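All of these numbers come straight from a predicted model, not from anything done at the bench.
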Amino acid sequence: MNAVLPLHLTLAGLWVGCVLTEVFFERALLGHGHEQERVLAQLHRKVDLWIELPALIGVFLTGGTMLHRAQRDPWLMGKVACGLLAVLANLYCVYLVLQRARCAQAGQWKAFERIDHAQHRWGAVVLIALLLSLLQGLIRVS
């Protein structure tokens, strides 16, 4: 068995877990006052920088390593396209998370709300693309 595959799957699981955890954070803290939103913004920022970003970079690198050796077919390329969309959308989300945290710290709540809406839209893209990529991988294995 390819030694990269277990690492890739572990990192993908960590990434999905981070995204789902952040959804929980958002649901629990958003809309409960500025102090809670400030806590949310800083918590989400830390998770993105220390866990999610390294996991998604690891998924990208291990996926690229496996793709280099894989026989390409339309199913695989669909999975890769969904994975790349998830990576790119999540990188943009990290940028938005950092911007939102800056706004929360500065008390710029109008900008916070605007960025928050964009972050949630792009976060939905990340989650859907990640789940589609994982589903395609599971179907392909069976």
I'd like to know if [Y] and [X] are part of one continuous hydrophobic network [Ile/Leu/Val/Met/Phe/Trp/Tyr, side-chain heavy atoms within less than 4.5 Å].
{"X": "V19", "Y": "V16", "result": "yes"}
{"X": "L53", "Y": "V23", "result": "no"}
{"X": "L20", "Y": "L49", "result": "yes"}
{"X": "V97", "Y": "W50", "result": "no"}
{"X": "V125", "Y": "W15", "result": "no"}

Heavy-atom closest contact ([X] atom, [Y] atom, distance):
{"X": "C93", "Y": "G123", "answer": "SG-N, 3.3 Å"}
{"X": "A55", "Y": "L14", "answer": "CB-CD2, 3.9 Å"}
{"X": "A129", "Y": "C82", "answer": "CB-O, 3.4 Å"}
{"X": "C18", "Y": "V47", "answer": "SG-CG1, 4.2 Å"}
{"X": "A41", "Y": "A104", "answer": "CB-CB, 3.8 Å"}

After noting the C-alpha distance and the side-chain angles of E35 and R38, does the key distance pass the salt bridge (Lys or Arg N to Asp or Glu O under 4.0 Å) rule?
-> CA-CA 5 Å; E35 192 53 42; R38 194 173 279 120; 3.1 Å; yes

[X] atom [atom1], over 12 foreign heavy atoms within 6.0 Å:
{"X": "W109", "atom1": "CH2", "value": "yes"}
{"X": "Y95", "atom1": "OH", "value": "no"}
{"X": "F112", "atom1": "CZ", "value": "yes"}
{"X": "R27", "atom1": "CZ", "value": "no"}

Spacing of [atom1] belonging to [X] relative to [atom2] belonging to [Y], to within rounding of 0.5 Å:
{"X": "L98", "Y": "R100", "atom1": "CG", "atom2": "CZ", "result": "10.5 Å"}
{"X": "L85", "Y": "L132", "atom1": "CG", "atom2": "CG", "result": "9.0 Å"}
{"X": "H44", "Y": "L29", "atom1": "NE2", "atom2": "CG", "result": "11.5 Å"}
{"X": "K79", "Y": "L67", "atom1": "NZ", "atom2": "CG", "result": "9.5 Å"}
{"X": "T65", "Y": "L5", "atom1": "OG1", "atom2": "CG", "result": "12.0 Å"}
{"X": "E37", "Y": "H34", "atom1": "CD", "atom2": "NE2", "result": "6.5 Å"}

Considering only heavy atoms from C-beta outward, does the side chain of [X] approach that of [Y] to under 4.5 Å?
{"X": "R69", "Y": "V4", "answer": "yes"}
{"X": "E22", "Y": "L43", "answer": "no"}
{"X": "L76", "Y": "Q136", "answer": "no"}

What is the ring orientation for Y92 with W122, classed by angle as parallel under 30°, tilted 30 to 60°, or perpendicular over 60°?
->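 The arrangement is perpendicular - the two ring planes meet at more than 60°.
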
Side chain to side chain donor-acceptor pair (under 3.5 Å) between R102 and Q99, intermediate numbers included | CA-CA 5 Å; R102 285 187 194 107; Q99 293 297 94; 2.3 Å; yes

Only one of L56, V126, L130, I57 passes side-chain contact (heavy atoms from CB on, under 4.5 Å) with V87; say which it is.
->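 The single option meeting the side-chain contact (heavy atoms from CB on, under 4.5 Å) with V87 is L56.
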
Evaluate side-chain contact (heavy atoms from CB on, under 4.5 Å) for L30 paired with Q36, printing each intermediate quantity in order.
-> CA-CA 7 Å; L30 192 62; Q36 293 296 326; over 6 Å; no

